[in-house]
There are 2 protein chains.
Amino acid sequence: MSNQTIPLDAETKAIEMPDDHRDELRLWLRLLTCSTLIEGEVRRRLRDRFDVTLPRFDLMAQLDKVPEGMTLSDLSKRMMVSNGNLTSLVDRLVASGHLERRVSTTDRRAQIIKLTPAGRGEFRAMATEHEAWIAEIFGGLTQREQKDLMRLLAKTKLSARNAIMGVAP
Amino acid sequence: MSNQTIPLDAETKAIEMPDDHRDELRLWLRLLTCSTLIEGEVRRRLRDRFDVTLPRFDLMAQLDKVPEGMTLSDLSKRMMVSNGNLTSLVDRLVASGHLERRVSTTDRRAQIIKLTPAGRGEFRAMATEHEAWIAEIFGGLTQREQKDLMRLLAKTKLSARNAIMGVAP
DNA sequence: CACAATTGTTTTATGCTTAAAATAACTGCA
DNA sequence: TGCAGTTATTTTAAGCATAAAACAATTGTG
């Protein structure tokens, strides 16, 4: 398809370079670094403070938003993880008393998963601290910068989705 | 520590809200969504086009930058993964002929890992396509927007590092 | 030299993640 | 009704990831 870039080094742009995509690559690596850095710190704190993993926290966060609960399939769509993944995750959270599952009355294949009162209480406590951690982590940015970043990330998300889904021509 | 501004923008702010960090939370979730979305697509394409996983690609990318190779410890620092993690990853890539390991001449504990010529050739081919994918994914942003995003992410990285390490007072 | 501390790597136990295959229940329709 | 196709979930096999423990070799210091 494309002619590849001839990797002359950093400052030598005098010579022509048909497809230079290194700026985008740097941008992606920086985005990934930020994400990895923050995610790692959140994992660490959840573990140290509450002895909980991020996947379990995320799962409870989804359920907290929907008090009546939802099926495993709904949950897997919302969390953007595979269905099989959730089976064992939910199992463990049921075993620890955070979640409750009951078979749907209208569809015997499906199960409705929801937080137990205890699970909800525990989650809320964690969520409050979690929110403060995130505020601390982004504290070096001004309101204005946060707003700009938000906008640029929204645009990035759209751009990525188009590249992934294939943009309708 | 800091008194935060009370963001009076949305509709629900008549009632008092002592610590509202929801904007930062939204920002973090958006950053994470972008990162997850792009990473997932890169994984998918690496797998479909080259039958290689992202961790293996990343490992080879690090080694491609240093032709003389490096120790497992150096590699784990650069890749920000645990040492034990690399053991099996390197094993597999040695088995498939992409990597070569030899015991250091100066330190009998250490091993120098490097790409084989075949491994390097294969990696270069993958890297070229990979770079084009990333350019495609970020293609919806103007040069200006990319530059702004780069700057804001640099600042985010700094801010996060400060929160993590504990900023020197 | 001796030996404590450090450094480089592997092993172990545990958990998350996926894709693909298997199982079970539901739905639409001839 | 019967049955093909779809949908909900679980199982399986493989890989990635970590922390902590174990081991081995090196370094620094009295």
Side-chain angles (χ1 to χ4, degrees), chain A residues 32 35-37 39-48 50-62 69-96 98-99 101-113, chain B residues 32 35-37 39-48 50-62 69-96 98-99 101-113:
Chain A
L32 186 58
S35 186
T36 304
L37 197 63
E39 188 178 319
E41 181 64 8
V42 170
R43 276 182 205 275
R44 200 169 303 122
R45 293 189 188 191
L46 282 174
R47 181 169 166 278
D48 293 349
F50 302 112
D51 194 32
V52 76
T53 63
L54 186 53
R56 289 179 205 197
F57 179 83
D58 286 344
L59 196 160
M60 289 192 271
Q62 292 300 328
M70 63 183 100
T71 64
L72 275 179
S73 292
D74 290 343
L75 203 48
S76 83
K77 267 168 222 141
R78 272 168 178 267
M79 295 180 68
M80 302 198 295
V81 300
S82 69
N83 230 319
N85 188 0
L86 287 182
T87 297
S88 57
L89 205 51
V90 168
D91 281 350
R92 278 187 278 258
L93 283 167
V94 168
S96 64
H98 294 84
L99 261 49
R101 46 167 25 136
R102 58 175 185 73
V103 172
S104 164
T105 53
T106 58
D107 184 342
R108 277 183 300 156
R109 290 168 307 176
Q111 306 174 23
I112 312 294
I113 313 295
Chain B
L32 187 57
S35 185
T36 304
L37 198 62
E39 190 178 318
E41 181 65 8
V42 170
R43 277 182 204 276
R44 200 168 305 122
R45 293 189 188 192
L46 281 175
R47 181 168 164 279
D48 293 349
F50 301 112
D51 192 34
V52 77
T53 64
L54 186 52
R56 290 178 204 196
F57 180 82
D58 286 344
L59 196 161
M60 288 192 271
Q62 292 299 328
M70 64 183 100
T71 65
L72 274 179
S73 291
D74 291 343
L75 203 48
S76 84
K77 268 168 223 141
R78 273 168 179 268
M79 295 181 67
M80 303 197 294
V81 300
S82 70
N83 230 319
N85 188 1
L86 287 182
T87 297
S88 57
L89 203 51
V90 168
D91 281 351
R92 278 185 279 258
L93 282 167
V94 168
S96 63
H98 294 85
L99 260 50
R101 47 169 20 139
R102 59 175 185 71
V103 174
S104 164
T105 52
T106 58
D107 184 340
R108 275 181 302 156
R109 290 168 307 177
Q111 306 173 25
I112 312 294
I113 313 294

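As a basis for the values below, the full set of heavy atoms in this structure was taken, side chains included, without hydrogen atoms, waters or symmetry mates. The sequence lines fix the lettering, A, B, ..., with proteins before strands; numbering per chain opens at 1.
- As judged by a 4.0 angstrom heavy-atom cut-off over every strand, B:Arg43 is placed among residues making no nucleic acid contact.
- B:Asn83 comes within 4.0 angstrom of a nucleotide base, judged by non-hydrogen atoms across all strands.
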Is there any protein nitrogen or oxygen under 3.5 Å from a nitrogen or oxygen in nucleotides 19-24 of chain D, and what are the pairs?
unit_1: D:dA19; atom_1: O3'; unit_2: A:Arg47; atom_2: NH2; d: 3.2

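- Partners of B:Arg47 according to the salt bridge (charged side-chain N to carboxylate O under 4.0 Å, His left out) rule, which considers only residues two or more places apart in sequence or in another chain, do not exist here.
- Within the nucleic acid shown, B:Thr87 comes within 4.0 Å of at least one base atom, counting heavy atoms only.
- Looking at which nucleotide of DNA chain C each of A:Ser88 and B:Asp107 is closest to, the 5′-most match is held by B:Asp107.
- Nucleotides of DNA chain C with any atom under 4.0 Å from a heavy atom of chain B span, from 5' to 3', C:dT7 to C:dA20.
- As judged by a 4.0 angstrom heavy-atom cut-off over every strand, B:Thr53 is placed among residues touching the sugar-phosphate backbone only.
- Contacts of A:Arg108 classified as salt bridge (charged side-chain N to carboxylate O under 4.0 Å, His left out), with partners at least two apart in sequence or in another chain: none.
- Counting heavy atoms of neighbouring residues, nucleotides and ligands inside a 6.0 Å radius, atom CG of B:Asp51 does not exceed 12 of them.
- Using a 4.0 Å heavy-atom distance criterion, A:Thr71 is classed as a sugar-phosphate-only contact.
- Residue A:Leu89 is classed as a sugar-phosphate contact, given heavy-atom separations below 4.0 Å to backbone atoms only.
- Sorted by first then second residue, the salt bridge (Lys or Arg N to Asp or Glu O under 4.0 Å) pairs that include residues 70-92 of chain A, not counting sequence neighbours, are A:Asp91-A:Arg101.
- In terms of the salt bridge (charged side-chain N to carboxylate O under 4.0 Å, His left out) criterion, residue partners of B:Arg109 (sequence neighbours excluded) are, by chain and number, B:Asp107.
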